[in-house]
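Have a look at the structure below before the remarks.
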Amino acid sequence: ISLDYKTKYGKYFIEHFLEESGEVLTEDEKEILIERNKSHISLFEIQNIKGDLIYVEDVLTGKKHIVWEPELCNIVDNSELIFGRVSKVFIYEKFVGDISFLPDFCKNVFIDKVNFDYQLIKKNETDLEINQYLRKYSLNVYKIYADCIYEILEFDEDENLELSTELDD
């Protein structure tokens, strides 16, 4: 979430970090940060897996990616949904930061809720594109994701909240 937060100076944290500490970073480190700063949260559907490469489609933007994920490719299957970010890391694209999964039966509900929120905001920001929305309003997208998960697990009872706390630990 902090990747998407703009400070009162109108810059993202990574931009401040590069300005303040850029001289101690290698060119590779700078490149990784610059690329990561371009990423946005989204929902990715696995289209295919070939070796260490996972072919995914961003179901919110329609953009296709080939991500290099040697560890992840062994534990996921086609059509699984990954909630996360894709960013270029050197010559490959990879999932960066934390990733989560969304059950397939929640896909349409999630997409509909994101699109509803996007269209609502777009009424006031007519030039807003979906990838800009996913970055600028990432808190909304995280909340929609969390709401979908909470609905599945029915976190209305205290014991379920206690269980979720235990699972987090």
Side-chain angles (χ1 to χ4, degrees), residues 1-22 25 29-47 54-69 72 76 79-90 92-153 155 161 164-165 167-168:
I1 296 174
S2 64
L3 288 176
D4 301 322
Y5 177 75
K6 278 193 173 182
T7 65
K8 65 181 179 180
Y9 303 106
K11 294 182 181 180
Y12 296 106
F13 283 124
I14 287 177
E15 292 169 321
H16 285 290
F17 182 72
L18 286 168
E19 287 175 4
E20 295 168 13
S21 304
L25 299 173
E29 291 168 330
K30 289 177 193 175
E31 180 185 342
I32 289 169
L33 289 171
I34 290 167
E35 290 298 323
R36 191 170 188 160
N37 197 43
K38 296 176 186 176
S39 71
H40 59 76
I41 194 70
S42 198
L43 186 66
F44 299 91
E45 184 171 14
I46 297 175
Q47 304 292 309
I54 302 175
Y55 294 73
V56 298
E57 179 179 359
D58 182 330
V59 299
L60 298 172
T61 67
K63 186 173 180 186
K64 295 182 185 287
H65 301 270
I66 303 171
V67 295
W68 180 64
E69 290 291 340
L72 187 61
V76 295
S79 78
E80 285 196 52
L81 299 166
I82 298 174
F83 183 70
R85 299 172 178 272
V86 169
S87 178
K88 183 179 173 198
V89 180
F90 302 120
Y92 295 106
E93 285 188 297
K94 292 186 60 63
F95 286 108
V96 294
D98 294 332
I99 63 167
S100 301
F101 295 89
L102 186 71
D104 186 59
F105 63 87
C106 296
K107 175 183 171 182
N108 291 334
V109 171
F110 176 81
I111 292 170
D112 289 348
K113 287 182 177 185
V114 169
N115 283 330
F116 179 80
D117 189 56
Y118 169 56
Q119 292 302 326
L120 197 62
I121 292 171
K122 193 171 167 90
K123 287 179 182 178
N124 294 324
E125 298 180 43
T126 55
D127 293 336
L128 187 69
E129 295 178 13
I130 187 69
N131 58 328
Q132 295 168 318
Y133 161 82
L134 294 169
R135 180 86 191 264
K136 186 175 180 181
Y137 296 97
S138 64
L139 282 177
N140 298 21
V141 180
Y142 278 103
K143 182 180 181 329
I144 292 167
Y145 173 81
D147 288 348
C148 286
I149 296 300
Y150 291 156
E151 286 174 24
I152 295 167
L153 300 175
F155 278 155
L161 283 173
S164 72
T165 303
L167 291 174
D168 282 342

Would you compute the distance between atom NE2 of His65 and atom CD of Glu57 and round it to the nearest 0.5 angstrom? 9.0 Å
What class does the angle between the rings of Tyr145 and Phe83 fall in, given that below 30° is parallel, 30 to 60° is tilted and above 60° is perpendicular? parallel
Value rounded to 0.5 Å, distance of CG in Leu120 from CD in Glu125: 11.0 Å
Can you measure from CD1 (Ile82) to OG (Ser100) and round to the nearest 0.5 angstrom? 10.0 Å
On a heavy-atom basis, the closest approach of Gly84 and Phe44 is O-CE1, 3.2 Å
Apply side chain to side chain contact (heavy atoms under 4.5 Å, CB included) to the pair Val114 and Asn140, showing each step before the final yes or no. CA-CA 8 Å; Val114 169; Asn140 298 21; over 6 Å; no
Salt bridge flag under 4.0 Å for residues Lys143 and Asp147: yes
Distance-minimising heavy-atom pair for His40 and Arg85: CA-NH1, 3.4 Å
If you round to the nearest 0.5 Å, how far is OG of Ser39 from CG of Leu134? 11.0 Å
Nearest 0.5 angstrom please: Phe110 CZ to Leu81 CG, how far? 9.5 Å
If you look at every heavy atom in Pro103 and Ile152, which pair is closest and at what distance? CG-CD1, 3.5 Å
List the atom of Gln132, the atom of Asp127, and the distance in Å for their closest heavy-atom pair. OE1-O, 3.5 Å
Taking it one step at a time, do Ser79 and Asp104 satisfy side chain to side chain contact (heavy atoms under 4.5 Å, CB included)? CA-CA 8 Å; Ser79 78; Asp104 186 59; 5.6 Å; no
Any chance you could measure Asn131, atom CG, to Ser42, atom OG, to the nearest 0.5 Å? 9.5 Å
Residue pair Asp58 / Val86, side-chain heavy-atom distance below 4.5 Å: no
Within 6.0 Å of CZ in Phe116, more than 12 heavy atoms from elsewhere: no
Are Glu151 and Lys113 close enough for a salt bridge, meaning some N to O gap below 4.0 Å? yes
Which atom of Ile130 lies closest to which atom of Tyr118, heavy atoms considered: N-OH, 3.2 Å
So, Glu80 side chain and Phe101 main chain: donor-acceptor pair closer than 3.5 Å or not? no
Would you check if there is a donor-acceptor pair between the side chains of Asp117 and Tyr133 at a distance under 3.5 Å? yes
Restricting to non-hydrogen atoms, name the atom on Leu60 and the atom on Leu43 that form the minimum distance, rounded to 0.1 Å. CD1-N, 4.1 Å
